[in-house]
Amino acid sequence: MAEIIRLKREFFTRDVLEVAPDLLSKTLAIKAVDEEIRRYVISETEAYRGEEDKACHASKGRTGRTEIMYYEGGRLYVYFVYGMHWMLNIVTSGKDNPQAVLIRGLENFPGPGRVTKILGIDRSFYGEDLVTSGRIWIEDQGVKPVFKTGTRIGIDYAGEFWKTKPWRYYLDYPWTI
DNA sequence: TCAGTGATTAGG
DNA sequence: CTAATCACTGAG
């Protein structure tokens, strides 16, 4: 029986191309308003890698919104898009290397907008530290993910080179084939 | 296929 | 200040 371990700083300070697939099958734990802890399995992620990555928000440099991406890995980068949806991202790698993983889906709750809706994520989670926070963190249940890769969604503006990078990772369930 | 909805950003 | 854009979703 594997031990359940809360992910520490070292997990998040690696390159985003290692962290994004490693987050699959990990459990996102969050304290609801009633103080009850709810857990969800991460099923789909996407990697956004530095200022050179034209699909990454940090490609425009340091701004008020992207500031947190320049912190050491483990923080949350939360932003609002299309006037309706909050997006949940996890900052990775070291200081001044702006990378982040978009949480695109949880088991039974596919879609980045649905993820934040079910979790109750909003502006107040911007900058939250997954390593020290008392209301949100990630656990390793000891499950090895079997996953597939694909191109990232919704980044047509990024140009052919960045658009075609296989930086989307998703659990490959036998019953979805 | 397409409207909805508002924060963020670049530019004047 | 203005206007364009947007790492999306749900209804039809």
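A, B, ... follow the sequence lines: proteins, then strands. Residue 1 opens every chain. Atoms considered below: every heavy atom in the structure, side chains included; atoms not considered: hydrogens, waters and symmetry mates. Computed from a predicted structure; not experimentally measured.
The nearest whole Å value for the distance from the CG atom in L88(A) to the P atom in dC8(C) is 14 Å. Residue R49(A) contributes atom CZ, which lies 18 Å from atom C1' of dA7(C) at whole-angstrom precision. Put simply, CD1 on I90(A) is 18 Å from P on dA7(C), counting in whole angstrom units. If you take CD1 of I68(A) and P of dA7(C), they are 19 Å apart, rounded to a whole angstrom. Protein atom CD of E46(A) is 14 Å distant from nucleotide atom C1' of dC6(C), rounded to whole Å. Across the protein-nucleic acid pair, I118(A) atom CD1 and dT9(C) atom C1' stand 15 Å apart, rounded to whole Å. The OH-C1' distance, from Y79(A) to dT9(B), rounds to 14 Å in whole Å. Summarising the geometry, the separation between CD1 on I103(A) and P on dC8(C) is reported as 14 Å, rounded to the nearest angstrom.
Salt bridge annotation for D96(A)-R62(A): present, with a cationic side-chain nitrogen under 4.0 angstrom from a carboxylate oxygen. Using a cut-off of 4.0 Å between Lys/Arg side-chain N and Asp/Glu carboxylate O, K165(A) and D53(A) are scored as not salt-bridged.
Side-chain atoms of Q99(A) and T92(A) form a donor-acceptor pair, as typed in the model, at a separation below 3.5 Å.
R75(A) forms no cation-pi arrangement with Y77(A), by the criterion of a distance under 6.0 Å to the ring centre and an angle within 45° of the ring axis.
In this structure, H85(A) does not reach the dT5(B) phosphate: none of its side-chain N or O atoms is under 4.0 Å from OP1 or OP2. Put simply, R168(A) has no side-chain N or O that comes within less than 4.0 Å of OP1 or OP2 on dA7(C). For Y77(A) and dA7(C), the shortest distance from a side-chain N or O to OP1 or OP2 is not below 4.0 Å. Residue R104(A) has a polar side-chain atom (N or O) positioned under 4.0 Å from OP1 or OP2 of dC8(C). OP1 and OP2 of dT9(B) both lie 4.0 Å or more from every side-chain N or O belonging to R62(A).
Once rounded to the nearest 0.5 Å, the distance linking CG of L7(A) with CG of L23(A) reads 7.0 Å. The distance from the CZ atom of R6(A) to the OG1 atom of T132(A) is 7.0 Å, given to the nearest 0.5 Å.
Within 4.0 Å (heavy atoms only), R152(A) reaches no atom of the nucleic acid at all. Within 4.0 Å of M84(A), counting heavy atoms only, lies at least one base atom of the nucleic acid. In this structure, L102(A) reaches the bases: a heavy-atom distance under 4.0 Å links it to at least one base atom across the strands shown.
Here F80(A) does not pack flat against the base of dG6(B), since the 5.5 angstrom centre distance and 30 degree tilt limits are not both met.
Taking the side chain as every heavy atom from C-beta outward, V91(A) and F12(A) never approach each other to under 4.5 Å. With contacts defined as side-chain heavy-atom distances shorter than 4.5 Å, the pair I90(A)/I138(A) qualifies.
Nearest nucleotide to the K60(A) side chain, out of dT9(B), dA7(C), dA7(B): dT9(B). Distance from the side chain of Y82(A) is smallest for dC8(C) among the nucleotides dA7(C), dT9(B), dC8(C).
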Tell me, what's DNA chain B's dot-bracket, Watson-Crick or G-U with both distances under 3.5 Å, | for other-strand, [ ] crossing? ||||.||||||.
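Nearest-nucleotide mapping onto DNA chain B: of V81(A) and T63(A), the residue sitting toward the 5' end is V81(A).
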